[in-house]
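This report concerns only the one structure given below.
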2 protein chains.
Amino acid sequence: MDEIMLQSGSAGNIVYQQLKQQIVSLELPPGTALSEKETSLTFHVSRTPVRESFVRLAQEGLLLVLPQRGTRVSLIDPDMVEEARFMREQLEKAVIRLACESFPADKLQEMENNLMMQQESMERHDGKSMFELDEAFHRILFEGVRKMGTWNVIQQMNAHLNRTRVLWLSQDPHWGHLFGQHREMIQAIRSQNADLAERIMKEHLTLSISNLPVLKQRYPEYFK
Amino acid sequence: MDEIMLQSGSAGNIVYQQLKQQIVSLELPPGTALSEKETSLTFHVSRTPVRESFVRLAQEGLLLVLPQRGTRVSLIDPDMVEEARFMREQLEKAVIRLACESFPADKLQEMENNLMMQQESMERHDGKSMFELDEAFHRILFEGVRKMGTWNVIQQMNAHLNRTRVLWLSQDPHWGHLFGQHREMIQAIRSQNADLAERIMKEHLTLSISNLPVLKQRYPEYFK
DNA sequence: TCTGCCATACTTGTATGGTAGTATGGAAGT
DNA sequence: ACTTCCATACTACCATACAAGTATGGCAGA
């Protein structure tokens, strides 16, 4: 939201963004105990802006605030992950169908460029870069059909889903598979084959949580 | 979210819920100027919990905070309304398809009961009751297919959409039309006719913003 | 050794004073 | 009459002090 970006200089907003980045990147693993006091010391601000960021993060489901007891980075809820995937599937299928009807040429070019950068990151085995490019790829799709509000909603509810994707990409890439699907999507949009595009997208997003059970077994302390 | 319900006793949460109710019900019309000080006086609490609620409401897009200038109830953004409707259409179409595959009998009975109460409210010309029953009707649908997380996301993003629905139901009901569609939905679920159910849902949600231009012309000061 | 109590050190929740930035109205100057 | 400037009264933002609830470790007593 633009109205939030406007306050980007405020201490509270800086703490919020920093914490969110650290949580989603698993730099602060699920279950980590935080406290307003401790956090205020590390960021060299008072408790007020820290508390403000805690409230926002709790509303997004990234923090769990227990009154008078403490605050912890929320555990990943597998049911929520599946439901986030479900929502994202429905929305992205509809969006890529729109893209097949009409899509601006410059955005299509952006996607092509992104795809080339994906190949580079893949060769460098750069998981972090690959994750960001994947994110950007889908974002461009939403920009092209002018559904940024929808993209923002997805971003918010992807709190849990994104953490599992980070976990997954850090160990069992399947990057080639993802890359191939991205390329197929572009081709489908070009040829305006909506049914094909929808099918690819569905498989693409299904793949993204296919080994959730494996992750749950490997990192049991991260899950609910 | 349950973790937020747990703090329901806190002053900050009470202020938050009260303000949200007043905003969505248009008791606090779009554009209304608020201030931490003023609000703290009316609720007989300090500025801290008020500020906390402002932060949360701003994140939901219901308040617009301008640093060092003031806080206003956000205007209704027609583009956001349309996009919220778009999202809701995609999600509810998918959900009612699931319902057509399998749906628990007790939930179906709840929907039948709700439908009867809708008829009563319709005869009493009770718009507020009708709005709440409509809300509950769709909620039961999500409960039946166990997609409450999805329902909660819809509730959040419906901030703008709901205000237009309140505005609309207060003057040009079309209650009979809504009622008929609800009845058809139940029949479609019973007969497990997913394609029919999806079509009705699409029409149902399209209808819900069909006269947005009229509203925009009638209450121009409420829109962006 | 084990159990129960309690002081203590945490936690979040709330109130309040002060700071810096902004809008506004009136006075002074042209 | 019109413009410019400035005092004043706002605003949200931040720091800090206090209040109330909770976990914990040690000590006393059995």
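Per chain, numbering begins at 1; letters A, B, ... match sequence-line order.
Annotation: side chain to side chain donor-acceptor pair (under 3.5 Å) contacts of Lys128(A) (sequence neighbours excluded): Glu132(A).
Look at CD on Glu52(B): it is 14 Å from C1' on dA15(C), rounded to the nearest Å. Here the C1' atom of nucleotide dT16(D) and the CZ atom of Arg51(A) are 14 Å apart, to the nearest Å. If you take CD1 of Ile14(B) and P of dG13(C), they are 13 Å apart, rounded to a whole angstrom. The CZ-P distance, from Arg56(A) to dC13(D), rounds to 11 Å in whole Å. Taking atom NZ on Lys37(A) and atom C1' on dA17(D), their separation rounds to 12 Å, with Å as the unit. In this entry the distance linking NE2 of His44(B) with P of dT16(C) reads 13 Å, nearest Å. To the nearest angstrom, P of dT11(C) lies 16 Å from CG of Leu64(A). Glu36(B) places its CD atom 15 Å from the P atom of dC10(D), with the value rounded to the nearest Å.
Across the interface with DNA chain D, nearest-nucleotide mapping of Leu34(B) and Thr48(B) shows Leu34(B) to be the residue nearer the 5′ end.
Distances shorter than 4.0 Å separate none of the side-chain N or O atoms of Ser46(A) from OP1 or OP2 on dC14(D). Residue Ser35(A) has no polar side-chain atom (N or O) positioned under 4.0 Å from OP1 or OP2 of dC10(C). Under 4.0 angstrom from either OP1 or OP2 of dG13(C) there lies no side-chain N or O belonging to Ser10(B).
Looking at every heavy atom in both residues, Arg72(A) comes nearest to Ala33(A) through CG-CA, 4.1 Å.
The residue Ser40(B) sits apart from the nucleic acid: no heavy atom pair falls under 4.0 Å.
Between the side chains of Asn113(A) and Gln109(A), at least one donor-acceptor pair of N or O atoms lies under 3.5 Å. With no hydrogens or angles considered, no side-chain donor-acceptor pair links Asn211(A) and Arg218(A) at under 3.5 Å. Between the side chains of Thr71(B) and Arg51(B), not a single donor N or O lies within less than 3.5 Å of an accepting N or O.
Ring geometry for Trp175(A) against His125(A) counts as tilted: the plane angle lies between 30° and 60°, on a 0 to 90° scale. Taking the six-membered ring where tryptophan is involved, the planes of Phe142(B) and Trp151(B) are tilted, since the angle between them lies from 30° to 60°.
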Notebook entry, point to check: What does nucleotides 17-22 of chain C look like as a protein-contact string, B for base, S for sugar-phosphate only, - for none, at under 4.0 angstrom between heavy atoms?
Noted result: BB--BS
